[in-house]
Amino acid sequence: MSSAITVPVRIDAKTFRRFSRFDMFTLRRRWVRPAVFSLMMLAFAFAALLTRKPQSGMIAAVLLVVGLGLPIVYIGTFLSQVNMQAEQLRLGKGRRVYTVKLDFDGVHVANDIKEEPPVHVKWADMKAAYRVKGCIYIYAAVTRAFLLPSGQADVPDEEVWQYLNEHMGDRCHDRGLK
């Protein structure tokens with residue numbers, strides 16, 4: 001096992017979009033409120049139809065359109081914003097964005113795009129790590145994550161994951177490599 005692991009991170013648009021969907025819908029579960037809203041509107045539409053009044057069909061149709069339309073617009077807007085952000089960052093075919101160094105002291109991140117002081121986070125302060133297909137997401141804070149795409153470290157991917165497990169323990173979550 002290495003005493004330090006270096007990962008010169010190159011992120012492409014596909015990896016960025018995958019991470020954004022994971023963060024928004026899997027980790028933060030931001031799909032729950034739109035789903036509950038949709039179910040409520042569908043229930044109200046059904047209740048309106050049960051009244052069997054002349055205008056109940058129109059009210060049910062409006063509730064149905066709103067109940068299905070708003071969540072679709074919400075998700076569509078999110079995905080569109082992610083695509084625009086990937087474009088602004090020029091991630092199309094991939095771009096070197098930062099270098100992550102894992103050592104006994106913690107995680108050190110140097111920005112490769114713009115001049116700024118390196119970020120250092122001690123192991124005890126790291127929030128979580130998630131291994132998903134093709135990447136490891138390490139969260140330094142609830143709103144700040146660093147991506148470690150597969151095959152970019154100076155050691156095999158499995159060794160990176162073991163290293164994180166040694167230092168973070170039960171804060172490491174394997175979401176499957178399939």
Side-chain angles (χ1 to χ4, degrees), residues 9-95 97-98 100 107 109 119 121 123-150 157-158 160-161 164-165 167-178:
V9 177
R10 182 176 188 82
I11 297 177
D12 60 11
K14 181 180 176 183
T15 303
F16 181 73
R17 284 192 294 269
R18 245 184 174 163
F19 165 73
S20 297
R21 287 191 309 264
F22 171 84
D23 187 62
M24 181 73 149
F25 299 120
T26 303
L27 193 60
R28 297 174 195 264
R29 297 178 190 253
R30 294 278 169 93
W31 60 270
V32 173
R33 286 185 182 167
V36 169
F37 175 79
S38 217
L39 289 173
M40 286 175 35
M41 290 294 118
L42 292 173
F44 291 145
F46 183 70
L49 285 175
L50 290 178
T51 64
R52 296 187 191 262
K53 293 185 179 178
Q55 68 275 21
S56 64
M58 178 61 84
I59 292 171
V62 168
L63 291 170
L64 200 67
V65 167
V66 170
L68 296 175
L70 283 178
I72 289 170
V73 168
Y74 171 78
I75 291 168
T77 301
F78 168 74
L79 296 174
S80 174
Q81 287 175 344
V82 168
N83 286 335
M84 284 186 338
Q85 194 174 5
E87 218 173 275
Q88 287 173 345
L89 293 170
R90 295 185 309 252
L91 298 177
K93 294 185 180 190
R95 180 178 183 192
V97 288
Y98 48 78
V100 175
V107 178
V109 182
V119 174
V121 183
W123 289 115
D125 296 332
M126 293 296 292
K127 299 298 177 207
Y130 296 90
R131 179 164 69 166
V132 298
K133 180 182 177 183
C135 202
I136 296 173
Y137 309 140
I138 54 175
Y139 281 81
V142 175
T143 58
R144 187 168 198 178
F146 300 105
L147 285 61
L148 307 177
S150 295
D157 295 336
E158 190 59 37
V160 174
W161 185 244
L164 289 169
N165 269 287
H167 291 90
M168 295 177 65
D170 62 349
R171 292 174 288 162
C172 289
H173 310 280
D174 194 342
R175 298 292 175 136
L177 296 172
K178 296 175 186 104

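Positions are given from 1, in the same order as the sequence printed here.
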Quick one: closest heavy-atom pair of [X] and [Y], and the distance?
| X | Y | result |
| --- | --- | --- |
| S56 | A48 | CB-O, 2.8 Å |
| P71 | L68 | CD-O, 3.5 Å |
| K127 | M168 | C-CE, 4.3 Å |
| S20 | F78 | O-CZ, 3.5 Å |
| R10 | P149 | O-CG, 3.7 Å |
| F19 | L147 | CB-CD2, 3.6 Å |

If you count heavy atoms of other groups shown closer than 6.0 angstrom to CZ of F25, is the number above 12? yes

Does a sphere of radius 6.0 Å around CZ in R28 hold more than 12 heavy atoms from other residues, nucleotides or ligands, not counting ones at 6.0 Å or beyond? yes

May I ask you to decide if L89's main-chain N or O and R95's side chain share a donor-acceptor pair within less than 3.5 Å? yes

Using 0.5 Å steps for rounding, measure from the [atom1] atom of [X] to the [atom2] atom of [Y].
| X | Y | atom1 | atom2 | answer |
| --- | --- | --- | --- | --- |
| N165 | D170 | CG | CG | 9.5 Å |
| T26 | H173 | OG1 | NE2 | 13.0 Å |
| L63 | S38 | CG | OG | 11.5 Å |

Do the non-hydrogen side-chain atoms of [X] and [Y] ever get within less than 4.5 Å of each other?
| X | Y | answer |
| --- | --- | --- |
| F44 | I59 | no |
| F16 | K14 | no |
| R131 | E158 | yes |
| R17 | L79 | no |
| T15 | D12 | yes |
| L164 | W123 | yes |
| V9 | F146 | no |
| D157 | I136 | no |

Show, in sequence, the C-alpha distance, side-chain angles and deciding distance for M24 and V82, and conclude whether the side chain to side chain contact (heavy atoms under 4.5 Å, CB included) test is met. CA-CA 11 Å; M24 181 73 149; V82 168; over 6 Å; no

Could you go through W31 and I75, starting from their C-alpha distance and side-chain angles, then the distance that decides it, and tell me whether this counts as side chain to side chain contact (heavy atoms under 4.5 Å, CB included)? CA-CA 8 Å; W31 60 270; I75 291 168; 5.8 Å; no

Tell me, with the steps shown, if F37 and V66 meet side chain to side chain contact (heavy atoms under 4.5 Å, CB included). CA-CA 10 Å; F37 175 79; V66 170; 3.9 Å; yes

Are D23 and Y130 linked by a side-chain donor-acceptor pair shorter than 3.5 Å? no

Taking it one step at a time, do Y139 and V121 satisfy side chain to side chain contact (heavy atoms under 4.5 Å, CB included)? CA-CA 10 Å; Y139 281 81; V121 183; over 6 Å; no

Go through it in stages, so that I can follow the logic: the residues are N83 and S80, the test is side-chain hydrogen bond (donor to acceptor under 3.5 Å, both in side chains), and I'd like the CA-CA distance, side-chain angles, deciding distance and then a yes or no. CA-CA 5 Å; N83 286 335; S80 174; over 6 Å; no

